[in-house]
Amino acid sequence: MTPVEPDDDLLALLAIADVLAGEEEVAPPLGAALVEAALQHRAPGPSLLATAAAERLPLPQVFARQAIDLTEALSGIGPHQWTSPTSYGRSVAELAAHVTATLQHFASLIGAGSFEVPAGCTSFLQHWELTEPTIIRLQAEGPDAIRADAAEIVDRLHTALTGLTDADWAYRIEGVISVRTYTEAKCFEMWMHGDDIRTATGRPQLDPDRDRMTAMADLATRTVPLGLALLGRSRPGRRARIVLTGVGGGTFVVPLGSDVDPARASDVVIVADTAEFCRCAGLLVSPADLTAEIEGDRALVDDVLAGARAFSA
Amino acid sequence: MDDVGDAPERKLVARVAAGDETALSRLYEQYGSFVYTLALRVTRDRGAAEDIVQDVFVHLWTKADAFDSERGSLRSWLGVIAHRRAVDRVRREEALRAREERDHQRSVDQQIDIAESATAQLMAARVRSALIALPEEQRAAIELAYFGGKTFREVAVVLGIPEGTAKSRIRLGMAKLAEGLHGVSS
């Protein structure tokens, strides 16, 4: 483009004012062709504020950055704050011990250490039950032990994750969930519990950087259909458009059940801030408190959010 | 949660940045006529104005994150972009027209030169042929005078003849040349 002279913008504004002053606007004969032409330049879906797929951080690095935030959250707990309540109805100490234990369990699933599975626990889905004995032990040992165990396991896990092969990443834990998705879920969990601890100890919440937020938003929306299925709330033939604005977001068209016609318009559109939607999926923001614009079938909104929250329960 | 009918422009732009093409459609419905009218006013050409509308909304779709609602309205932002592109287009077309006119004139001039050069070469060939056909003494005198730049006196000295004889040989030779070149345009 020709370099803009200082007076050019002034002329532009005068022209705009003239048009607005009463000149009747003429409709251009472009219609849908204009949007189609625009989509040739940029595909719908990915956000301009998210990390492009080709530039996504390797998952071990996502984990490492999330671990730094978690460690910082634990180090900032004051001596009298370990008994403060968190949104999960557990104390700061219990939540810190829980997240440490769940990472220790994860490490055992990928051969990076041992973990004593409590009697009666047969699946990773027994998320809290698996960690109860460790919570009791670490609480008894005190804050230093919790911090030390947490530091040790994030370091051990990062080393293990860095050495995984493609086949390792694709391996399905209990035949259900890939190691890759499970790792993403642990990163999500570390963010949520870290923020919960910060809030409980009077500190502001911490948004992940763009690279991590992109991964978290992708996970939170991608798991909606599976969450709905696990809850028995699938909506065959229905589809939701989830538009997450801000850093790391995007537009996600999500089937709410089977037999969705690809040509069908979305039954509901939910527009929300990326971080807030993720926090809603992570149980830090209730559905009633989520600031969102809704278009279409409002009755589906509860389903969509329930699906997003299914793995955080 | 809030229901929304017509979302404020800022939120629609945020949706565009987030990859929501339905928001782009909505913004086109709201501002397409304004952008077209503005572009038409500058370019006075419907085809050009349509191109500019497309350019502006492609720019919105690919650079929505550059819009800052703190600095002005979306209408102003789109309007400034449209105006710049319309002015650019008009300037480019004017420059192209000026260049085409210069090129055309240059082409005409070149054609005249080429024609004149061809004629001159043809004439030169005929003159040489006519010269070769002259008697030796007349050709020698003419070559010294017209191609060697000698005066009548100098021609006489070089050829070792009286000056009057030199003039006579040159005059007779030129008459024969004219006779031989009769019919060729001067």
Side-chain angles (χ1 to χ4, degrees), chain A residues 1-2 4 8-9 11-20 23-35 37-50 241 243-246 249-252 265-266 269-274 287-295 298 301, chain B residues 1-5 7 11-25 28-29 31-42 46 49-50 52-66 72 75-76 78-88 91-92 95:
Chain A
M1 278 181 67
T2 306
V4 176
D8 283 358
D9 278 1
L11 288 174
L13 292 173
L14 288 172
I16 293 167
D18 269 350
V19 173
L20 295 177
E23 183 169 338
E24 190 173 333
E25 291 181 359
V26 181
L30 291 171
L34 180 133
V35 174
L39 297 184
Q40 299 299 315
H41 294 264
R42 174 191 165 213
S47 169
L48 293 172
L49 301 174
R241 173 179 284 245
V243 182
L244 300 184
T245 61
T251 297
F252 306 90
S266 297
V269 179
I270 301 170
V271 183
D273 173 75
T274 305
D289 291 335
L290 176 66
T291 304
E293 299 171 13
I294 309 297
E295 298 169 10
R298 291 188 62 91
V301 175
Chain B
M1 282 177 277
D2 303 323
D3 261 325
V4 64
K11 292 183 181 179
L12 280 175
V13 174
R15 288 174 63 170
V16 168
D20 182 5
E21 75 280 15
T22 65
L24 178 68
S25 291
Y28 171 67
E29 286 168 16
Y31 298 106
S33 297
F34 163 73
V35 172
Y36 182 68
T37 304
L38 186 61
L40 195 55
R41 153 192 272 269
V42 176
R46 288 185 184 275
E50 286 174 27
I52 288 163
V53 170
Q54 184 161 299
D55 278 354
V56 168
F57 281 90
V58 167
H59 184 87
L60 172 60
W61 177 241
T62 57
K63 305 285 183 199
D65 54 333
R75 186 184 296 273
S76 296
L78 294 175
V80 169
I81 295 169
H83 191 265
R84 282 181 190 167
R85 291 190 190 231
V87 167
D88 269 358
R91 285 175 181 167
R92 262 201 317 275

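So that the names make sense, note that chain A is the first sequence line, chain B the second, and so on, each numbered from 1. Since the model is a prediction, treat every value here as computed from it, not as a measurement.
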Handout entry: When B/A17, B/A82, B/G32 are compared by non-hydrogen pairs under 4.5 Å with chain A, the top option
Key = B/A17
Problem - Proximity breakdown for A/A50 and chain B, heavy-atom pairs closer than 4.5 Å - result: neither
Exercise for the section: Please name the pair of heavy atoms, one in B/D20 and one in A/T251, separated by the smallest distance, quoted to 0.1 Å. Expected result: N-OG1, 3.1 Å
Fill in the blank from the handout: Contacts of B/Y36 meeting ring pair (Phe, Tyr, Trp, His ring centres under 6.0 Å) (sequence neighbours excluded), chain-then-number -> none
Handout entry: Partner residues of A/R42 under the salt bridge (charged side-chain N to carboxylate O under 4.0 Å, His left out) criterion, sequence neighbours left out
Key = none
Practice task
Sort A/P46 into side chain, backbone, both or neither according to what part of it lies under 4.5 angstrom from a heavy atom of chain B.
Solution key: backbone
Exercise for the section: Ignoring hydrogens and angles, tell me if any N or O in the side chain of A/T245 forms a donor-acceptor pair with the backbone of B/R15 under 3.5 Å. Expected result: no
Practice task
Over all heavy atoms of both residues, which pair between B/A18 and A/L244 is shortest? Give the atoms and the distance, please.
Solution key: CB-O, 3.4 Å
Handout entry: A/L34 side, atom CG; B/E29 side, atom CD - distance, nearest 0.5 Å
Key = 11.0 Å
Problem - Value rounded to 0.5 Å, distance of NE2 in A/H41 from NZ in B/K63 - result: 11.5 Å
Problem - Any donor-acceptor N/O pair, A/S47 side chain to B/G19 backbone, under 3.5 Å - result: no
Handout entry: Close side-chain approach of B/W61 and A/L39, heavy atoms under 4.5 Å
Key = yes
Problem - Student check: side-chain heavy atoms of A/E295 and B/T22 closer than 4.5 Å - result: no
